[in-house]
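Below is one structure, written out as structure tokens; the observations come after it.
Just so we're clear, the structure is a prediction, and the values are computed from it rather than from any experiment.
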Protein chains: 2
Amino acid sequence: MNNRLKVLRAERNWSQQELASRLEVSRQSVNAIETGKYDPSLPLAFRIADVFGMAIEDIFLRE
Amino acid sequence: MNNRLKVLRAERNWSQQELASRLEVSRQSVNAIETGKYDPSLPLAFRIADVFGMAIEDIFLRE
DNA sequence: GCTTTGTGATAGGTTTCCTTTACATCGCGT
DNA sequence: ACGCGATGTAAAGGAAACCTATCACAAAGC
């Protein structure tokens, strides 16, 4: 499951640590999700959508 | 994380087994998600949204 | 040079998701 | 009364999603 995390984070000039703090997860989790190691849980996906002010469907892509 | 699975399933007159087959998961998984035992993974949430033709945000509710 | 910041990766451990198998109940039709 | 579809639940095991701690490295600044 592909995602646009890295781009969205760059648009806001946030470091991985900055995003991790906003999501209340570890920096390693953010890194793992960005690099496609695994997909976030649904609750975390909702939190990600919230901090970016977008819909889950617009951040995570099927395919 | 609350969800409207039971209602959506009832609207379509699908049994848990019917939905499980469409999602390609076990019936117990559908039952567990419906009864709030746990949340689906993100990929499964996308499949659920697909079979109902809705957005994830309209099936699973924050709060 | 040295230090800081950002990023990628790994090892080891816990929790959550999902499976198979199994059992109990309830409602409905025969 | 009997069978059957639908549902709820539980145990045991594996896979996936988290965690902390740690190392490595490149780029930038002083």
Could you tell me whether A/D58 and A/R4 make a salt bridge, using a distance below 4.0 angstrom between a side-chain N and a carboxylate O? no
Is it true that A/E18 and A/R9 make a salt bridge, defined as a side-chain N closer than 4.0 Å to a carboxylate O? no
Give the rounded distance in Å between these two atoms: [atom1] of [X] and [atom2] of [N].
X     : N      : atom1 : atom2 : result
A/M1  : D/dA16 : CE    : P     : 14 Å
B/Y38 : D/dA10 : OH    : C1'   : 13 Å
A/L44 : D/dA16 : CG    : C1'   : 14 Å
B/F60 : C/dC17 : CZ    : C1'   : 13 Å
B/I33 : C/dT19 : CD1   : C1'   : 13 Å
B/D39 : D/dC18 : CG    : C1'   : 14 Å
A/I48 : D/dA17 : CD1   : P     : 12 Å

Pair A/R62, B/D50 - check side chain to side chain contact (heavy atoms under 4.5 Å, CB included), show working. CA-CA 10 Å; A/R62 294 168 177 76; B/D50 286 342; 2.9 Å; yes
Nucleotide-resolved protein contact map, nucleotides 2-8 of chain C, B/S/- at heavy-atom distance under 4.0 Å: ----SBB
Closest heavy-atom contact between B/I59 and B/A49? CD1-CA, 3.6 Å
Looking only at heavy atoms, which two atoms of A/F60 and B/F46 are closest? And how far apart? O-CZ, 3.5 Å
Should we count CD of B/E24 as having more than 12 external heavy atoms under 6.0 Å? no
Value for CG (A/L19) from CD1 (A/I48), rounded to nearest 0.5 Å, stands at 7.0 Å
Whether B/Q16 side chain and B/Q28 backbone form a donor-acceptor pair below 3.5 Å: no
Keeping the roles fixed (side chain from A/R47, backbone from A/L23), state whether a donor-acceptor pair exists under 3.5 Å. yes
Please examine the side chains of B/N3 and B/L61, heavy atoms only from C-beta on, and report whether any two atoms are closer than 4.5 Å. no
Quick one, which residues of residues 49-58 of chain A touch DNA chain D with a heavy atom under 4.0 Å? none
Counting only side-chain nitrogens and oxygens, does B/S41 get under 4.0 Å of the OP1 or OP2 atom of C/dT16? no
Working for side chain to side chain contact (heavy atoms under 4.5 Å, CB included), residues A/W14 and A/L8: CA-CA 9 Å; A/W14 290 347; A/L8 296 173; over 6 Å; no
Listed pairs, N/O of protein and of nucleotides 26-30 of chain D, under 3.5 Å:
none

